[in-house]
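To keep things clear, I will list the structure first and then write my remarks on it.
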Amino acid sequence: MRVLVTGGAGFIGSHVVAALHAAGHESVVLDALLPSAHPAGAAAGARDAGLLVGDVRDRETVAAALAGVDAVCHQAAMVGLGKEFADAPDYVGCNDLGTAVLLAEMAAAGVANLVLAGSMVVYGEGHYACPRHGTVRPGPRPEAALRAGSFEPHCPDCGAELTPGLVSEDAPADPRNVYAATKLAQEHLAAAWARATGGRAVSLRYHNVYGPGMPRDTPYAGVASFFRSALARGEAPRVFEDGRQRRDFVHVRDVAAANLVALESVGQRPATSFAAYNTGSGDPHTIGEMAAELAAAHGGPAPVVTGEYRLGDVRHVTADSQRLRADLGWLPRVGFAEGMAEFARAELRGPGAGRPTEASQTAEAPQTVGASQTAEASLSVGA
């Protein structure tokens, strides 16, 4: 199988390419190599290695990359919340216009199989149960409550504290920032393309992806990268809120393996089909637990819980990934302790050694005043 991997030089994309090659498949890599996510000089080296350097929004570039391709793995995206709403046109341009151009060129080339890098951010908050009202969907947490240190969502009907659970793919979408809205729009575009062309599309809704090659020193990075960079500088990771926010941290090699099984199976799906799958470890942990595990594996210093918060951030979102396991036979292989021990010593990628600002920790990959406790972590055409 010959697969076009957009963003294939990025964090997740490069691991997908490695998984494809290990399974005997061929890849074509298209990446913009934005300097915010790739070291200086990467473009020249990539061209020498045969990688196609170009923007997924350029129709001629995409058309050339699609020649002889059997399937597309679309990792190219601008991720994270960014720094302010002024970033919105860039997000919509990179993520939604880029996806529309790709799908239009796939239709013209007769390429009918797509695997899309989706995101858990389409859900907003995760699954919650009220002792009186059952399953409820809390709205954004009021700033006054956050300022007072009251971080847990409450029942919109009776005000009771809620019990978090696992969110399934059947949960209603509730994107709460521009990035999340663009990720949901990508799925709608993919579904519309499948219906219009007889294509087949799968979206893998990544939870908090971490691992070797994660980007650093960018406002668009995720919390694991911020913590790892702090430890490398000899500084304590700064954990926002009370550190009890629940996330599902999934290793990048497991995410790459999910892309591989999705690519190998997508051609067997019925024409005009679209399916979304949560892609998480199934082993939720708090942000505080992650910071402590990472710091211990690195040899310290221990994390500091600051009580800071980010407006618009979600409290708990963890995955029910059973559907992906049942339908495609995917199983995550890298355990939490094992993955964090590796990540504590792993190399990060980035344009320089500059220290991220406090503002860079205030905005979800998902990454406003709370740490970037998120998953897809790089600004690149290739998250």
Side-chain angles (χ1 to χ4, degrees), residues 1-34 37-38 42-78 93-118 186-187 189-204 256-274 380-383:
M1 177 171 55
R2 181 178 170 90
V3 180
L4 170 61
V5 184
T6 68
F11 168 44
I12 297 174
S14 60
H15 285 273
V16 172
V17 170
L20 284 166
H21 291 177
H25 301 298
E26 183 182 356
S27 68
V28 177
V29 175
L30 174 64
D31 200 296
L33 294 181
L34 299 182
H38 296 275
R47 287 189 181 94
D48 292 341
L51 179 149
L52 300 175
V53 180
D55 195 313
V56 75
R57 291 168 290 185
D58 182 81
R59 300 191 73 145
E60 291 185 3
T61 298
V62 173
L66 285 166
V69 158
D70 302 302
V72 173
C73 187
H74 185 30
Q75 304 294 317
M78 183 176 181
C94 287
N95 297 355
D96 297 341
L97 176 58
T99 299
V101 169
L102 174 66
L103 294 171
E105 293 305 317
M106 288 177 65
V111 179
N113 302 313
L114 172 71
V115 174
L116 171 68
Q186 284 184 310
E187 291 193 350
L189 286 166
W193 163 83
R195 287 191 296 268
T197 67
R200 309 164 191 87
V202 168
S203 177
L204 299 177
N259 277 275
L260 177 62
V261 297
L263 285 162
E264 291 178 334
S265 67
V266 68
Q268 303 167 18
R269 292 178 172 273
T272 74
S273 66
F274 172 85
S380 89
V381 175

Anything under 3.5 Å between a donor and an acceptor, one on a side chain of residues 93-111, the other on a protein residue two or more places apart or in another chain? List them.
from	atom 1	to	atom 2	distance (Å)
Asn95	OD1	Met78	N	2.8
Asn95	ND2	Met78	O	3.0
Asn95	ND2	Thr182	OG1	3.0
Thr99	OG1	His74	NE2	3.0
Thr99	OG1	Asn95	O	2.5
Thr99	OG1	Gln186	NE2	2.8
Glu105	OE2	Arg59	NE	2.7
Glu105	OE2	Arg59	NH2	3.0

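Here Leu204 contributes atom CG and Cys73 contributes atom SG; the two are 7.5 Å apart, rounded to the nearest 0.5 Å. Here the CG atom belonging to Leu52 is positioned 10.5 Å from the CG atom belonging to Leu33, to the nearest 0.5 angstrom.
Side chains of Leu20 and Leu260 form a contact here, defined as non-hydrogen atoms less than 4.5 Å apart. Annotation: side chain of Leu263 is not in contact with side chain of Asn113 (no heavy-atom distance under 4.5 Å).
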Problem set entry | Steps toward side-chain contact (heavy atoms from CB on, under 4.5 Å) verdict (Val266, Leu114) | CA-CA 7 Å; Val266 68; Leu114 172 71; over 6 Å; no
Exercise. Checking side-chain contact (heavy atoms from CB on, under 4.5 Å) for the pair Asp70/Val3: CA distance, chi angles, key distance, verdict?
Worked result: CA-CA 6 Å; Asp70 302 302; Val3 180; over 6 Å; no
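Partners of Ala194 according to the side-chain contact (heavy atoms from CB on, under 4.5 Å) rule, which considers only residues two or more places apart in sequence or in another chain, do not exist here. Ala112 is linked by a side-chain contact (heavy atoms from CB on, under 4.5 Å) to Arg200, counting only residues two or more places apart in sequence or in another chain. Remark: Thr61 engages Leu30, Asp58 in a side-chain contact (heavy atoms from CB on, under 4.5 Å) (not counting sequence neighbours). Among residues two or more places apart in sequence or in another chain, the side-chain contact (heavy atoms from CB on, under 4.5 Å) test is passed with Ala22 by none.
Of the possible donor and acceptor atoms, none in the side chain of Asn259 sits under 3.5 Å from a partner among the backbone N and O of Val16.
When every heavy atom of Gly10 is checked against every heavy atom of Asp31, the shortest pair comes out as N-OD2, 3.4 Å. Here the shortest heavy-atom pairing between Ser273 and Pro270 reads OG-O, 2.8 Å. Contact between Met1 and Ala71 at its shortest, heavy atoms only, is SD-CB, 4.4 Å. Nearest heavy atom pair, residue Ala190 against residue Leu116, reads CB-CD2, 4.5 Å. When every heavy atom of Gly7 is checked against every heavy atom of Ala76, the shortest pair comes out as N-CB, 3.9 Å. Across all non-hydrogen atoms, the minimal contact from Val17 to Ser27 is CG1-OG, 3.5 Å.
Legend: salt bridge (charged side-chain N to carboxylate O under 4.0 Å, His left out) pairs involving residues 15-30, not counting sequence neighbours, sorted by first then second residue: Arg2-Glu26.
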